[in-house]
Number of protein chains: 2
Amino acid sequence: MNKDQDINPRVLNHISASEGALSQQVYLSIKNAILGMEFRPGQNLRKALICDQLGVSRAPVAEAITRLASEGLVDVVPQSGTRISYFSMPEIQEGVFLREALELAVVRKVTRHLTEDQGRILNRSMRLQTLLVEDDDISGFYEADEAFHELLMSFTGFDRVADVAQTVSLQVSRARRLLLPTPGRIVESLEEHRAIVDAILARNEQDAQDAMRRHLGQLMPRIELLHERMPELFNRATSEGREIA
Amino acid sequence: MNKDQDINPRVLNHISASEGALSQQVYLSIKNAILGMEFRPGQNLRKALICDQLGVSRAPVAEAITRLASEGLVDVVPQSGTRISYFSMPEIQEGVFLREALELAVVRKVTRHLTEDQGRILNRSMRLQTLLVEDDDISGFYEADEAFHELLMSFTGFDRVADVAQTVSLQVSRARRLLLPTPGRIVESLEEHRAIVDAILARNEQDAQDAMRRHLGQLMPRIELLHERMPELFNRATSEGREIA
DNA sequence: CTTATCATTCTAACATGTTAGTTGACAAGC
DNA sequence: GCTTGTCAACTAACATGTTAGAATGATAAG
């Protein structure tokens, strides 16, 4: 019945001998495997296999799984098992909503308090992004894109904003990696970033928010396409919104 | 040197024989003690005492503490100890910022999609709040206040928004309990809520956001007063923003 | 052929033993 | 008096043994 429901833990990054708590390394290792879709939705995690593969005991693995569960990346069924969570459109919509709420507040604050240094750094980021688009370096632009948003958040002067934004939209991030970025799309993204930066530099709060909203608005339709194309990655929600399987 | 740095775990709610995972009950028990300021900032948690007091082993306590640490309510120093975290103005400012970001997005969405039923429920909440203010029932109004905000969040149709809002502003919640609510303040709060609801019912997005911003804007100045009055609850940040003690 | 029961075999949750790193006191040297 | 080095006590982190509940599949009854 269950052909390959179980996970092949060979994809886990071996624990580097580097510093850092063991449970943290286990956490990152599994998290990366999930976000990179090397663990597919529905597969169940086998603690024993993970322990063998990483050469650690169950304690740090248990702690890592607890954290992943709190972030919604895995569903843990007491006394039964732990499975990689399916995508769920309601959850993703909520993640997009939360993300937009934060990004808009960030843009508002940054526009209001932008320093000259920050302006220079923004321009520098845009030049880098332009370069990457000219070179059709899609994965490079992907990274620069994330860095751009993190940059804006760091300009608020708050430390946790970026973390919170990442956490509330983890499911979105996971889905986003399946949206094959096209040369056409990164050109659009670049233009949208340009509009955001222009509005910020012009100290135009409303324009900056609108530009950010337009930028983020591109995401949801593309995820809906993914939903149609790969429905097996999504759960079937019951009437109560509860999940099956 | 350390007089009463250690915690008296007698304030912990005894584990009810009710259902629910053990670690969850431990988590809630400690969390309530922290939010209720029964554990004061700077005190250190002694796992052994907590285990004795609650009659559980170290495993569920460890998991509970891990969660509390991720929420910033405790600071855990590896191989050394776990202490109740101090208040920190930067953290609280960040919490207020995040909270406002969410509440504004909520108000925006709710105003746009309000149903008749939701309008009725809002009016019902306002009548209840009015009643409590007329009776000078301060703690009753406090609860109704929280319920009002949760109500708005629930109207978005999203489940996690309320949880996220609570989590990002946990430190704010903890500080808020020390702001003795006055009869004067709850009258003001009621009026501010009234303004928010009126704008929502009038489907006026901008007014609703402004009203919410004014409402939330009352909080920070009062916390600054707390900072002046009880500086011992706050940490002294170094130049890097790192904490001492 | 369908359905109910039950035992086997999983698993997470919990308990407890062990390890290694931090802290603070105290003594020796400056 | 002040610094520095050693050591004992304490703690979180990790390893491992134990328990109880859930899923599965075989078997028996209808």
Side-chain angles (χ1 to χ4, degrees), chain A residues 1-7 9 15-30 39 42-70 73-85 243-245, chain B residues 1-3 5-7 9 15-30 39 42-70 73-85 242-245:
Chain A
M1 193 49 104
N2 49 345
K3 289 186 295 189
D4 50 358
Q5 291 299 101
D6 284 2
I7 267 189
I15 296 284
S16 52
S18 70
E19 84 286 0
L22 211 46
S23 70
Q24 172 74 1
Q25 297 184 37
V26 174
Y27 164 74
L28 289 176
S29 184
I30 301 178
F39 292 171
Q43 286 183 323
N44 47 2
L45 280 176
R46 293 178 160 280
K47 252 189 214 164
L49 290 184
I50 293 173
C51 293
D52 286 353
Q53 180 65 20
L54 296 180
V56 300
S57 76
R58 291 165 343 210
V61 174
E63 190 183 320
I65 288 181
T66 297
R67 273 210 272 170
L68 293 167
S70 78
L73 289 180
V74 302
D75 295 325
V76 48
V77 182
Q79 265 69 37
S80 170
T82 301
R83 291 172 253 298
I84 308 296
S85 63
E243 298 172 17
I244 303 180
Chain B
M1 192 53 102
N2 49 344
K3 290 186 295 186
Q5 291 300 99
D6 285 3
I7 266 189
I15 296 284
S16 51
S18 70
E19 85 285 1
L22 211 45
S23 70
Q24 171 74 1
Q25 297 184 37
V26 173
Y27 164 75
L28 290 176
S29 184
I30 302 178
F39 291 172
Q43 287 184 322
N44 49 359
L45 281 176
R46 294 178 158 278
K47 254 189 214 163
L49 289 184
I50 293 173
C51 293
D52 286 353
Q53 180 65 20
L54 296 180
V56 300
S57 78
R58 292 168 334 206
V61 174
E63 188 184 321
I65 288 180
T66 298
R67 274 209 271 170
L68 293 167
S70 78
L73 289 180
V74 303
D75 295 325
V76 50
V77 182
Q79 266 70 36
S80 170
T82 300
R83 293 174 249 300
I84 308 297
S85 63
R242 217 76 186 114
E243 297 174 16
I244 303 179

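This is a predicted model, so every value here is computed, not measured. Lettering follows sequence order; numbering is per chain, from 1.
Inter-residue side-chain proximity for A:Thr66 and B:Thr66 is flagged as unmet; no heavy-atom pair is nearer than 4.5 Å.
One atom, CZ of B:Arg83, and another, C1' of D:dT11, lie 10 Å apart when rounded to the nearest Å. Here C:dC10 presents its P atom at 12 Å from CG of A:Leu49, a figure rounded to the nearest Å. With rounding to whole Å, B:Leu45 atom CG is found 18 Å from D:dC10 atom P. The separation between A:Leu54 atom CG and D:dC14 atom C1' is 14 Å, rounded to whole Å. Per the geometry, NZ belonging to B:Lys47 stands 11 Å off P belonging to D:dC14, to the nearest Å. Taking atom CG of residue A:Asp75 and atom C1' of nucleotide D:dA23, one finds them 17 Å apart after rounding to whole Å.
The 5' end of DNA chain D is approached more closely, in terms of each residue's nearest nucleotide, by A:Gly55 than by the other of A:Gly55 and A:Val77.
Closest approach to the A:Arg46 side chain among D:dA12, C:dC10, D:dA15 is made by C:dC10 (side chain taken as heavy atoms from C-beta onward). Closest to the A:Gln79 side chain, of the nucleotides C:dA13, C:dC14, C:dT23, is C:dA13. When the nucleotides C:dA13, C:dT16, D:dC14 are ranked by their closest atom to the side chain of A:Leu22, D:dC14 comes out on top. Ranking C:dA12, D:dT11, D:dC14 by closeness to the A:Ala59 side chain, first place goes to D:dC14. Taking the side chain of A:Ser23 as heavy atoms from C-beta on, and the options C:dA15, D:dC14, D:dG17, the nearest nucleotide is D:dC14. Closest contact between the side chain of A:Arg58 and the listed nucleotides C:dA12, C:dC14, C:dG17 involves C:dC14.
Of all non-hydrogen atoms in B:Ile65 and B:Val74, the two that sit nearest each other are O-CG2, 4.0 Å. A pairwise comparison of heavy atoms in A:Ser29 and A:Leu54 identifies OG-CD2, 4.4 Å as the closest pair. Pairing each heavy atom of B:Arg67 with each of B:Ser23, the nearest pair is NH2-O, 4.3 Å. Residues A:Asp75 and A:Ser85 come closest through the heavy atom pair OD2-CB, 3.5 Å.
Here B:Ser80 lies in heavy-atom contact (under 4.0 Å) with sugar-phosphate atoms only.
For C:dA12, the OP1/OP2 oxygens have a side-chain nitrogen or oxygen of A:Thr82 closer than 4.0 Å.
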